[in-house]
Amino acid sequence: MRVAVDADGEGGGRLREIGADRDSDGALWRVSDLAGAVSDYEHAIPDAPRWVWAATDEVYPPLVGHALRVARCHDVALVESLLLGYHGRFGEARSVGAAWARLHGREVPPDPVIRGTEGAEPPPALFEPDRSTIPPDVDRLRALIEVHADQQRRIAALPHPGRFALLAAVESAGALAAVEMHHDGVPWRPDVHDAVLTGLLGPRPPHGSRPRVLADLEARISAAFGRPVNPDSPGQLLKAFAAAGRSVPSTRSWVLRDVDHPAVPLLLRYKELSRLHSAHGWAWLDTWVRRGRFRPDYVVGGVVSGRWATRGGGALQIPKAVRRAVVADPDWTLVAADAGQLEPRILAAVSGDTALAAAAGADDLYARLAGAFHGDRQRAKIGLLAAMYGQTGGDAAPLLETLRRAYPRALDHVDAAARDGEEGRLVRSWLGRTCPPPSPMWRRLVLDADAPADGDTAARQARERGRFTRNFVVQATAAEWALVFMAAVRRGLAALDTAHGVPRLVFFQHDELVLHVPRRSADDAVAVLRAAAEEARTLMFGATPVRFPLDVAVVDCYADA
DNA sequence: ATTCGCTGCCAC
DNA sequence: AAACGTGGCAGCGAAT
């Protein structure tokens, strides 16, 4: 059963059951306590309803704030975005108001701009701005139900409606998890973080000044050049190296590594530590960690491939050194699960290459490929990654030839995606997420026959898009495997015994999931993870020989995973 | 004072 | 070893 929800922004709202034929109206409920009403529904029926609402990131946080969790939802904005993308209309307004306007031939309102929340706790506003884009003369609940029904029809009309429906469901489940993970937060020990920083940079400097170790390195770098140089300034560094008779094309670490000058080792150390200090130093700690939790703002579907992005806090780039600070609460533990070699396994599954699929039945796929490379696993790995990323330079070419002979269908699959991209067509993931169309500029440059002003540029642009679409079919499918997996984990955790505390999903990063669970529930959590990976494989690919083994670690500290 | 493109490095 | 996909973010430096 589906129930449409319109929150009034003051804790109440209206609910209406959606009939099986999607258009008939169930009873309307007007409630002053929306969280209570939703909670009653969740527990009253054996099979929890799927909540239909405009946007999870608007409707769900207040419910989670009332200690409520729902099992399932249909996020109209996210699904609209997926459907628009499918039809080559990536990026068009996706709010329920915009969808309703398109349905009625009215002027389509732009999506409200998302405000960047600076820090872990944005200042509370007296009045939340009304982010609804539905015209004031239109009943919001009515419009929501109409748009939802239309989305259901549009999904049913697709070539693979079942797959797309799964995509819509897991995208929505992801939106629930994103709100919940923001609410629960990653357990974070400021004292441990501070100790890591102090150990590498020296004691915390007073207000904004440079830590001792960085200041020392800067002085020694300047001394090595015989002139004052700001090591943060690529421009100054280029000049300083040129003046020293050691001209460099850039100041990237891997370039500098081979330069013979006494400043180089100091610079490399400086870059490493300076990066730590500016990206995840004390300022970061002050801004992003509150009451022992780091709460990233996840942006579901924020990446074209369907991977998530985050807003602020750099949650998806936490350096290895800083993971020391992620420590489970006393009597709790972290359970970190990572889908090993996910992308090549995905390629094996979607391409239908039986030889590669057989190799992907092993725990170490690359080791199984090594045979074709005279037993060299590393070369097998580089070759396969090159095939998925579109690398042609370096020593990739012979590796690709070897792979093509052993796994022709897999190579054909990514090559075909690249060709589609180069020729301006759309490509799709397994479940139907679709890449953006090329820009008008790209079309003019690449496809316009009578404007070949610059053939080189056109060819380069075409190849660039080819690499993008080549990678898209794999990365986007990997992202949806991860979503199916996460949705299954979320459901599995909700069914666990909570006598010792409620197991929580606390961190998600592309192909990796971290749970925070009572120590006594650790074994159950691991079982949930393994079952979820199996469920994801079956739901997406049915009876495939491809396996998706999980690396699972039960640890007190994330750095030990 | 703010904005924006660029460089460079972190994660997957 | 080399420059190949998706991103976020800090700092610089020039333009506004």
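None of the values given here were measured: they were computed from a predicted structure.
The CH2-P distance, from A:W288 to C:dG8, rounds to 13 Å in whole Å. Rounded to an integer number of Å, the gap from A:L385 CG to C:dT6 P is 15 Å. Atom CD in A:Q236 sits about 16 Å away from atom P in B:dT7, given to the nearest Å. One atom, CH2 of A:W254, and another, P of B:dT7, lie 14 Å apart when rounded to the nearest Å. At whole-Å resolution of the value, CG in A:N230 and P in B:dT7 are 17 Å apart. Distance, A:D297 CG to C:dC9 P: 10 Å, rounded to whole Å. For the pair A:R463 CZ and C:dC4 C1', the computed distance is 13 Å after rounding to whole Å. A:E422 has its CD atom 13 Å from the P atom of C:dG5, to the nearest Å.
Backbone-only contact: A:S278 has heavy atoms under 4.0 Å from sugar-phosphate atoms and none from a base. Residue contacts for A:S250: at a heavy-atom cut-off of 4.0 Å it reaches the sugar-phosphate backbone alone, with no base atom in range. Contact annotation for A:G313: backbone-only contact, meaning every heavy-atom pair under 4.0 Å involves sugar-phosphate atoms and none involves a base. No engagement by A:V474 is indicated, since no non-hydrogen atom pair under 4.0 Å with the nucleic acid exists. A:R465 comes within contact range of no nucleotide atom at all, as no heavy-atom separation falls under 4.0 Å. Nucleic acid contact class of A:I318 (heavy atoms, under 4.0 Å, all strands): sugar-phosphate only. Contact annotation for A:R307: base contact, defined as any heavy-atom pair under 4.0 Å involving a base atom. Heavy atoms of A:T251 sit under 4.0 angstrom from primed sugar atoms or phosphate atoms, though from no base atom.
Across B:dC12, C:dT6, C:dG8, the shortest atom-to-atom separation from the side chain of A:D511 is found for B:dC12. Among C:dC4, B:dC9, C:dT6, the nucleotide with an atom closest to any side-chain atom of A:F468 is C:dT6. Proximity note for A:Q509 (side chain, C-beta onward) versus C:dG7, B:dG8, B:dC12: the nearest is B:dC12. When each of C:dG13, B:dA11, B:dC9 is scored by its nearest atom to the side-chain atoms of A:S233, the top-ranked nucleotide is C:dG13. In the set B:dC9, B:dC12, C:dG5, the nucleotide with an atom closest to the side chain of A:R275 is B:dC9. Picking from C:dG7, C:dG5, B:dA11 the nucleotide with the shortest atom distance to the side chain of A:Y389 gives C:dG5.
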Should A:H261 and A:F225 be marked as a ring pair (Phe, Tyr, Trp, His ring centres under 6.0 Å) after you check the CA-CA gap, both sets of side-chain angles, and the distance that decides it? CA-CA 9 Å; A:H261 188 278; A:F225 281 118; 4.8 Å; yes
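Counting only heavy atoms from C-beta outward, the side chains of A:L483 and A:R433 approach each other to under 4.5 Å.
If you check distances only, the side chain of A:R252 never reaches the base of B:dC9 with a donor-acceptor pair under 3.5 Å.
Outside the 6.0 Å centre-distance limit, the rings of A:F548 and A:F485 are not counted as a close aromatic pair.
The aromatic rings of A:H193 and A:W188 sit tilted relative to each other, their planes meeting at an angle between 30° and 60°.
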